Chemist: 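I have a structure I would like to understand better, so I am pasting it below and will then ask my questions one at a time.
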Amino acid sequence: MTRVLVVDDEAPIRRTMRANLAARGYDVDLAETGEQALQLAARHHPDVVLLDLGLPGMDGLDVIDGLRGWTQVPIVVLSARGSERDKVAALDAGADDYISKPFGMDELLARLRAAVRRAGVAEEEATITTDHFTVDLAAKRVLDAGGAPIRLTPTEWQLLEVLARHHDKLVMQRQLLQDVWGPGYGDESNYLRVHMAHLRRKLEPDRAHPRYFITEPGMGYRFVVDDPSA
């Protein structure tokens with residue numbers, strides 16, 4: 001069953017969406033705020049998100065940014081903000097489609113089906129927990145075992161994010177350099193050595209004997225979550 005997360009601060013719209021979607025065989029979660037939306041998305045891993053931009057508290061664009069920190073779930077924006085600038089901002093932030101309110105249910109369902117068909121990707125984890133720290137990709141932060149935040153620089157976070165999204169897999173040096181520093185990089189392995197040393201100093205229980213951030217000489221790095229020695 002396809003799971004849909006509906007995010008809208010207007011109760012009548014949430015009720016209408018739930019009734020129409022459930023009648024057509026969809027499993028529906030409802031969120032009134034952006035904060036609730038991110039929590040439900042991390043817990044239930046929806047197949048598609050229908051998102052209003054004008055939310056209380058966290059704005060819809062911030063919700064898109066939070067989701068895109070860890071998942072490529074299709075996001076269809078449903079908003080009364082119908083200007084071209086608003087549409088461009090939502091699509092640039094990572095939305096897959098945009099429908100202006102008011103809209104017809106048949107059009108919405110067609111857009112929803114198309115978004116799900118186009119996705120075709122496996123969902124990723126919102127959080128990755130080890131014995132010593134937790135990487136929260138949605139909130140873009142790292143917590144120690146006691147729940148206290150661990151401060152990382154923007155570059156350290158970007159490097160960790162790439163490794164975390166491919167955890168337990170080898171990530172080649174060139175991919176890391178291009179994902180973190182840009183397409184013009186590829187041979188600056190010294191950049192990686194310096195910043196990996198910083199990550200190990202902050203996150204490894206024994207940086208002289210890394211458990212989590214493993215170097216594959218001449219190839220790249222691996223963020224090991226499933227400890228093979230356990």
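Only a predicted model underlies this, so the values are computations on that prediction, with no experimental measurement involved.
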Chemist: Identify the heavy atoms of T215 and P217 that sit nearest to each other, and give their distance.
Modeler: O-CD, 3.4 Å

Chemist: Could you tell me the separation between the OH atom of Y26 and the CG atom of N20, rounded to the nearest 0.5 Å?
Modeler: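 Result: 11.5 Å between the selected atoms.
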
Chemist: Determine the minimum heavy-atom distance between D131 and A145, stating which atoms define it.
Modeler: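 For D131 versus A145, the nearest heavy atoms are O-CB, 3.9 Å.
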
Chemist: When you measure from the side chain of E204 to the backbone of K202, do you find a donor-acceptor pair of N or O atoms at a distance under 3.5 Å?
Modeler: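 No; zero donor-acceptor contacts below 3.5 Å.
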
Chemist: Is R211 reaching over with its side chain to a backbone N or O of P205, donor-acceptor style, under 3.5 angstrom?
Modeler: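 Judged by distance alone, no pair lies under 3.5 Å.
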
Chemist: Please answer: with hydrophobic residues joined when any side-chain heavy atoms are less than 4.5 Å apart, are L109 and M17 in the same cluster?
Modeler: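 Yes, because L109 and M17 connect within a single hydrophobic cluster, where side-chain heavy atoms sit under 4.5 Å apart.
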
Chemist: Quickly, which of T33, L61, V63, D62 forms a side-chain contact (heavy atoms from CB on, under 4.5 Å) with L55? Name it, please.
Modeler: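 Going through the options one by one, the only one that passes is V63.
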
Chemist: So do W70 and V135 actually touch side chain to side chain, heavy atoms under 4.5 Å?
Modeler: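 Contact flag for V135/W70 side chains = no.
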
Chemist: Between R68 and G94, is there a donor-acceptor pair closer than 3.5 Å when you use the side chain of the first and the backbone of the second?
Modeler: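 Judged by distance alone, yes, a pair lies under 3.5 Å.
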
Chemist: Short question: side chain of D96, backbone of I75 - any donor-acceptor pair under 3.5 Å?
Modeler: yes

Chemist: Quick check against the 3.5 Å criterion: does R111 have a side-chain atom that pairs as donor or acceptor with the backbone of Y98?
Modeler: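 Yes; at least one donor-acceptor contact below 3.5 Å.
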
Chemist: List the atom of L177, the atom of Y191, and the distance in Å for their closest heavy-atom pair.
Modeler: CD2-CB, 4.1 Å

Chemist: Determine the minimum heavy-atom distance between Q178 and Y185, stating which atoms define it.
Modeler: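 Result for this residue pair: CG-O, 3.0 Å.
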
Chemist: Among L192, L160, V162, find the one that has a side-chain contact (heavy atoms from CB on, under 4.5 Å) with V180.
Modeler: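 That would be V162.
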
Chemist: Ignoring hydrogens, what is the shortest heavy-atom contact between K101 and L78? Give both atom names and the distance.
Modeler: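 Residues K101 and L78, closest heavy atoms: CE-O, 3.5 Å.
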
Chemist: Tell me, do V224 and Y212 make a side-chain contact under 4.5 Å, heavy atoms counted?
Modeler: no

Chemist: Main chain of V171, side chain of Q175: is a donor-acceptor contact present, judged purely on distance under 3.5 Å?
Modeler: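 Not confirmed, Q175 side chain does not pair with V171 backbone.
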
Chemist: Would you say N190 and R193 make side-chain contact, with heavy atoms under 4.5 Å?
Modeler: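 Yes. Closest side-chain heavy atoms under 4.5 Å.
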
Chemist: Evaluate the salt bridge (Lys or Arg N to Asp or Glu O under 4.0 Å) criterion for residues D29 and R43: first the C-alpha distance (whole Å), next the side-chain angles of each, then the deciding distance (0.1 Å), finally the verdict.
Modeler: CA-CA 11 Å; D29 289 322; R43 189 179 310 139; over 6 Å; no

Chemist: Output, in order, the C-alpha distance, side-chain angles, deciding distance and verdict of side-chain contact (heavy atoms from CB on, under 4.5 Å) for T153 and H198.
Modeler: CA-CA 10 Å; T153 67; H198 293 166; over 6 Å; no

